[in-house]
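These notes are about the structure you will find just below.
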Amino acid sequence: MEQKRSNFSGKLGFVLATAGSAVGLGNIWRFPYLAAKHGGGMFLLTYLILVLTFGFTLACTEILIGRKTGQSAVKAFNTLNKKWSFVGWLAAIVPIIILPYYSVIGGWIFKYLFAFASGQATATAGDGYFTGFIDKIYEPIGWFLLFIGITALIVLFGVEKGIEKASKIMMPVLVVLTLFIAIYSACMPGALKGVLYYITPDFSHFSVTTVLAALGQLFYSMSLAMGIMITYGSYMKKDFNVVSSVHQVEIFDTGIAFLAGLMIVPAVFSFSGGSEDALSKGPSLMFITLPKVFQSMPGGTIIGIIFFLMVLFAALTSSISLMETVVSVIQDKFKLNRKVTCLIVFTGSVILGIPSSLGNGVWESIKIFGFAFLDFFDFISNSVLMPIVALLTCVFVGYIIKPKTLIEEAEISAEFKGKKFFSVVIRYIAPICIILILGFSVLEAFGIIKV
């Protein structure tokens, strides 16, 4: 028997859940790092322009595909054109790969929140604390299981009672916490230089790499090309205005990213004068540099607790959307109930996540094409599959079903004033940009160029 499809109860629930999906670790540490590396205010301006054009078009496309078909990624493409159902499968593979290793990092965040809350803030600032933790076998796995267990529990309750309710609580709290730390950070001694660097565009820093870095961040930041937007779109009622909803999601997403930069860049400038080493990428920034920054602050322990609570909420809202996408695909395909499906996805994610956890310790010597497990899964999903899925989606909409199909869907609820612009971007501009992202991402990953 065909199961009745869940829906968001209202537009606010949809916007907060979709924004929650978009707001994740990419906003908190990756955006500030890239902004610092690529000219501060110049990167910020470039990113903002791309969000309003490129990001808007792709987000609208995926949400409209979901709403038109009422299906998750695999069935959505199959419904529109059976020959193109393979694109849905490619999109579905992305969250299957990302969820396990993302939850491993989520477990690290849980560990640091516990450490700060239990009076171990000074220890976290020690040089060997982070590596000593991830080198262990059982403790990182334990925190990973806690993180993915909470994710599964929220997804188990469904769209309205689980995802929507959690998003309505976590997203406003996330905004308040981020705003608080950003203001505190900007008022620190020596932070003004970092604030000015971050918000003032300097056109001498503009380059092709600035644009490519901003485009790449857009995929991380807005949950594009991984079936999430299609899945959430399939839960969207026909009377919701898609265009205004996407604009509101962009405001949430970009606002949090902006505040994260305002929170981290000035703080690191205050702590180290803004040295390149201090603004290092990824785990080094969040788990090594920032605890040192908090240690140097008056009231740093409290700020650290608030920061890691904020990051935990950001990570959870994204992991929820990743798991929901996988659950939705399995439910649509095999007609299983939500409890059984959640158990299957939870178990599979645990099995796939353990190598990412152990790959930093006892399995450190095992490499895939020179990558540790976690880095390999990150490269395949973010640098290869996501651009390919986005490119195929643009070709599919631009030349197979034609933009008019989605424009008509959008205009069920309201006039689509930017429909001509939408058609031009999806057919011509977006495919070229995505090909450049894919090429440069692969070349950068193997050290051939530096972006």
Side-chain angles (χ1 to χ4, degrees), residues 13-32 55 59 62-63 73 91-92 94-110 113 143-144 146-155 159 162-175 177-178 216-232 235 249-250 252-257 259-260 282-283 286 307-328 345-346 349 352-353 356 374 377-378 381-382 385-386:
F14 170 80
V15 170
L16 289 177
T18 309
S21 165
V23 173
L25 299 181
N27 297 69
I28 304 299
W29 61 257
R30 196 172 187 272
F31 185 90
E62 295 192 13
I63 289 170
V94 176
I96 291 172
I97 295 173
I98 293 177
L99 177 61
Y101 80 76
Y102 194 93
S103 297
V104 169
I105 300 172
W108 298 349
I109 296 165
F110 244 131
L113 175 60
W143 290 110
F144 157 58
L146 176 63
F147 181 88
I148 200 164
I150 291 174
T151 301
L153 188 63
I154 293 170
V155 172
V159 176
I163 298 167
E164 187 174 335
K165 278 192 175 180
S167 298
K168 282 182 176 178
I169 295 168
M170 286 192 281
M171 285 306 295
V173 173
L174 177 61
V175 171
L177 294 179
T178 311
Q217 173 62 18
L218 204 57
F219 279 94
Y220 285 89
S221 190
M222 291 191 68
S223 296
L224 299 172
M226 57 181 83
I228 291 173
M229 292 294 187
I230 295 175
T231 300
Y232 278 18
Y235 301 142
V249 170
E250 288 178 323
F252 261 102
D253 182 61
T254 307
I256 293 292
L259 288 174
M286 191 187 300
F307 172 79
F308 282 106
L309 179 64
M310 175 202 69
V311 178
L312 179 64
F313 279 3
L316 274 171
T317 53
S318 291
S319 66
I320 288 164
S321 66
L322 288 164
M323 183 174 283
E324 175 61 28
T325 302
V326 181
V327 166
S328 181
V345 175
F346 171 79
S349 298
L352 289 174
S356 291
L374 192 151
F377 293 139
D378 181 64
S381 57
N382 288 292
L385 283 176
M386 284 164 61

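Nothing here was measured: the structure is a model prediction, and the numbers come from that model. Quick note: numbers below take in every heavy atom, side chains included, and nothing from hydrogens, waters or symmetry partners.
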What do the steps show when you test Leu312 against Phe147 for side-chain contact (heavy atoms from CB on, under 4.5 Å), and what is the final call?
CA-CA 9 Å; Leu312 179 64; Phe147 181 88; 3.9 Å; yes
Verify side-chain contact (heavy atoms from CB on, under 4.5 Å) between Ile109 and Leu25, making sure each step is shown before the conclusion.
CA-CA 10 Å; Ile109 296 165; Leu25 299 181; 3.4 Å; yes
For side-chain contact (heavy atoms from CB on, under 4.5 Å), just list the numbers for Met286 and Ile105, CA-CA rounded to whole Å, side-chain angles, deciding distance to a tenth of an Å, and then say yes or no.
CA-CA 11 Å; Met286 191 187 300; Ile105 300 172; 5.8 Å; no
Start with the C-alpha distance between Val345 and Val155, add both sets of side-chain angles, then the distance that settles side-chain contact (heavy atoms from CB on, under 4.5 Å), and finish with yes or no.
CA-CA 11 Å; Val345 175; Val155 172; over 6 Å; no
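Looking at every heavy atom in both residues, Met222 comes nearest to Ala59 through CE-CB, 4.0 Å. Summarising the geometry of Phe377 relative to Ile97, their closest heavy-atom pair is O-CG2, 3.6 Å, with the distance given to 0.1 Å. In plain terms, the two heavy atoms of Val104 and Gly353 that are nearest each other are CG2-O, 3.4 Å. Shortest non-hydrogen contact noted between Tyr101 and Ser356 is CB-OG, 3.5 Å. Gly227 approaches Ala73 most closely through the heavy-atom pair CA-CB, 4.1 Å.
Residues passing the side-chain contact (heavy atoms from CB on, under 4.5 Å) test with Leu177 are Val173, Ile306, Leu309, Met310, sequence neighbours excluded. With sequence neighbours left out, Leu146 forms a side-chain contact (heavy atoms from CB on, under 4.5 Å) with Phe110, Trp143, Ile150. Residues meeting the side-chain contact (heavy atoms from CB on, under 4.5 Å) test with Thr317, sequence neighbours left out: Met170, Met171. In this structure Ser321 satisfies the side-chain contact (heavy atoms from CB on, under 4.5 Å) test together with Ser21, Ile228, Tyr232, sequence neighbours excluded. Scored by the side-chain hydrogen bond (donor to acceptor under 3.5 Å, both in side chains) test, Thr151 finds Ser319 as partners (sequence neighbours excluded). Residues that satisfy the ring pair (Phe, Tyr, Trp, His ring centres under 6.0 Å) test with Phe31, not counting sequence neighbours, are Phe43, Tyr47.
Annotation: side chain of Ile98 is in contact with side chain of Met226 (closest heavy-atom distance under 4.5 Å). Between Tyr235 and Ser328 there is a side-chain heavy-atom pair separated by less than 4.5 Å. The shortest side-chain heavy-atom distance between Ser318 and Tyr102 falls under the 4.5 Å cut-off.
Judged by distance alone, the side chain of Ser221 and the main-chain N or O of Gln217 form no donor-acceptor pair under 3.5 Å. Looking only at distances, a side-chain donor or acceptor of Asn382 sits under 3.5 Å from a matching main-chain atom of Asp378.
Atom CG in Leu99 sits 11.5 Å away from atom OG in Ser381 (nearest 0.5 Å). Distance CZ/Phe313 to CG/Leu113: 9.0 Å, rounded to 0.5 Å. How far CG of Leu174 is from CD1 of Ile28: 6.0 Å, rounded to the nearest 0.5 Å. Taken from OG in Ser223 to CG in Leu218, the straight-line distance is 10.5 Å, to the nearest 0.5 Å.
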